[in-house]
There are 2 protein chains.
Amino acid sequence: MTDSMTFRSDCPVASALDLVGDRWTLVIVRDMIFGAATFGDFARGAERIPRNILANRLRRMTVAGLVRQEKYQARPDRFRYLLTAKGADLLPVVQALSLWSAAHLGHVYPPPDALLQAQPADLMPGKPDA
Amino acid sequence: MTDSMTFRSDCPVASALDLVGDRWTLVIVRDMIFGAATFGDFARGAERIPRNILANRLRRMTVAGLVRQEKYQARPDRFRYLLTAKGADLLPVVQALSLWSAAHLGHVYPPPDALLQAQPADLMPGKPDA
DNA sequence: TCCACTCGGTTGCAAAATGAAACTGACGGG
DNA sequence: CCCGTCAGTTTCATTTTGCAACCGAGTGGA
C-alpha cells in the first residue's frame with residue numbers, strides 16, 4: 001500500500017473505474033485471459049494498441065497489482081506479464097461487458113465459450129490446464 | 001442505425017469499451033441506478049464531474065441509445081435523463097465492478113444492497129417505487 | 001422594478017492523455 | 001556484415017480532460 005494512487009471518491013464503482021476505466025486496460029486483460037503474455041503478444045492484438053500506450057498500461061497495471069512481471073530472459077531482460085489474483089478477479093467484469101455487447105451490439109462476434117466459462121482461478125499461473 | 005460510431009474491432013469486449021470505456025460514463029449510470037435523473041443531480045454527485053464533460057457524456061449516451069431524454073419542463077426545455085433497456089442492462093457490469101472493488105480495494109465503502117440486488121428491469125421508468 | 005438565485009448548459013483555455021511513427025539497444029542467424 | 005526480432009522509448013501533433021467563468025430563461029421576493 002501507500003500506493004500514491006488517488007481515487008476520486010470512496011465509491012466502489014468510481015474507484016474501480018479509476019483503475020480500469022479506460023479503453024485499453026481491459027482489452028489487455030482480455031488478451032491475458034486468452035493466453036497472451038509478452039509485450040509483442042499484446043501489441044499484435046486485433047485493436048493495434050499503440051506501443052507507447054501499451055508500455056504505459058503494463059506499468060500502471062503492475063503498480064496497481066493487477067499484473068506481475070516474470071523474467072523469461074536476461075540480457076536484455078524480458079518479461080512475461082501475468083495476471084495476479086487481483087487482476088484475474090476482473091474476469092466477471094470482462095464477462096459482463098461481453099455479454100452486454102452480445103445482447104446489444106449487432107456487429108460483434110459472440111463471446112467465445114473459453115471466456116464465458118472461465119473462472120478467475122483458471123487464469124493464474126502455476127496451474128497449467130487440467 | 002447508421003451510428004457513425006466506429007468500433008476498433010468486432011470483439012465484444014473492445015466494442016463495449018468503445019462505448020463505456022472511460023472514467024465517467026459508468027459513474028453516470030451508477031447515479032441513474034440510484035435515482036439521479038437531471039443534469040443537476042449528476043453534477044452534484046460525489047466525484048464532481050465537470051459540467052462540460054457531463055453534457056458531453058449525456059449527449060454520447062443518448063446517441064448510443066443508453067439513455068433517453070424526457071422533457072419535464074418547457075421554456076426553457078429541460079430534460080430528465082432515463083436509462084433505456086440497453087443502458088439498464090449495464091447493471092451487471094456496474095455490479096461486477098463494485099464487487100471487485102469491495103474485494104480488492106481497501107478504501108471503498110461496501111456496495112449498497114440496493115445496487116447488488118437491483119435488476120435491469122427495476123431501472124426502467126414506468127415502474128415507480130413499490 | 002430590481003436584485004438574487006436556480007437550473008442547464010456553453011465557452012475559453014491550459015494541462016494531460018492519446019496515438020502514429022520513427023528510433024534504440026541487445027541480441028540471433030546466416 | 002547485414003538482416004530481423006523483441007521490447008520498449010522518444011518525438012510530436014492531435015484530442016480529451018477539467019477548471020472556471022459566463023449565459024439565457026426563468027422564479028421568488030422586497
Side-chain angles (χ1 to χ4, degrees), chain A residues 4-9 11 14-15 17-29 31-32 35-64 67-82, chain B residues 4-9 11 14-15 17-29 31-32 35-64 67-82:
Chain A
S4 95
M5 176 64 187
T6 35
F7 293 94
R8 285 172 292 178
S9 73
C11 168
S15 296
L17 293 171
D18 282 334
L19 292 175
V20 304
D22 72 274
R23 287 167 58 275
W24 291 113
T25 301
L26 291 179
V27 167
I28 295 171
V29 171
D31 285 347
M32 287 180 164
T38 65
F39 189 94
D41 287 344
F42 303 119
R44 262 177 265 110
E47 292 81 12
R48 317 308 354 263
I49 179 171
R51 306 171 74 82
N52 54 342
I53 306 289
L54 174 57
N56 173 283
R57 288 302 183 278
L58 289 173
R59 210 167 5 248
R60 319 203 320 186
M61 293 168 80
T62 303
V63 170
V67 150
R68 77 193 154 84
Q69 294 181 300
E70 184 193 62
K71 194 186 305 188
Y72 71 91
Q73 173 195 298
R75 232 166 46 262
D77 285 4
R78 290 197 177 158
F79 305 95
R80 235 187 299 278
Y81 296 90
L82 304 171
Chain B
S4 94
M5 176 62 188
T6 37
F7 294 94
R8 287 172 292 178
S9 73
C11 168
S15 296
L17 292 171
D18 282 333
L19 291 176
V20 303
D22 71 275
R23 288 174 48 272
W24 290 113
T25 302
L26 290 179
V27 167
I28 295 171
V29 171
D31 286 346
M32 286 179 166
T38 66
F39 188 95
D41 287 344
F42 303 120
R44 263 177 263 110
E47 291 81 12
R48 319 304 357 260
I49 179 172
R51 305 170 73 83
N52 55 339
I53 306 289
L54 174 57
N56 174 283
R57 288 303 182 277
L58 289 172
R59 212 167 5 248
R60 319 201 320 185
M61 293 168 80
T62 303
V63 170
V67 151
R68 78 193 151 85
Q69 295 181 302
E70 184 194 62
K71 194 186 308 188
Y72 72 90
Q73 173 196 299
R75 238 170 35 263
D77 285 5
R78 288 192 181 162
F79 304 95
R80 235 185 299 278
Y81 296 91
L82 303 171

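The sequence lines fix the lettering, A, B, ..., with proteins before strands; numbering per chain opens at 1.
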Could you check which of [options] has an atom nearest any side-chain atom of [X]?
| X | options | answer |
| --- | --- | --- |
| Pro76(A) | dA26(C), dG9(C), dA7(D) | dA26(C) |
| Asn52(B) | dG9(C), dA7(D), dT10(C) | dT10(C) |
| Trp24(B) | dG9(C), dG8(C), dG18(D) | dG18(D) |

Decide yes or no on salt bridge (Lys or Arg N to Asp or Glu O under 4.0 Å) for Asp18(B) and Arg23(A), but give the supporting numbers first.
CA-CA 6 Å; Asp18(B) 282 333; Arg23(A) 287 167 58 275; 3.5 Å; yes

Would you mind telling me which residue lines up with the more 5' stretch of DNA chain C, Arg51(A) or Asp22(A), judged by nearest nucleotide?
Asp22(A)

Which is true for [X] with a 4.0 Å heavy-atom rule: it touches a base, it touches only sugar-phosphate, or it touches nothing?
| X | value |
| --- | --- |
| Phe42(A) | nothing |
| Arg59(B) | sugar-phosphate |
| Arg57(B) | sugar-phosphate |

How many angstroms lie between atom OH of Tyr81(B) and atom CG of Asp41(B), to the nearest 0.5 angstrom?
11.5 Å

Where do Ala37(B) and Arg80(B) come nearest, in terms of heavy atoms and distance?
CB-CG, 3.5 Å

Between [X] ([atom1]) and [N] ([atom2]), how many Å, whole number?
| X | N | atom1 | atom2 | answer |
| --- | --- | --- | --- | --- |
| Phe79(A) | dA7(D) | CZ | P | 11 Å |
| Ile53(B) | dG9(C) | CD1 | P | 15 Å |
| Asp18(A) | dA17(C) | CG | P | 13 Å |

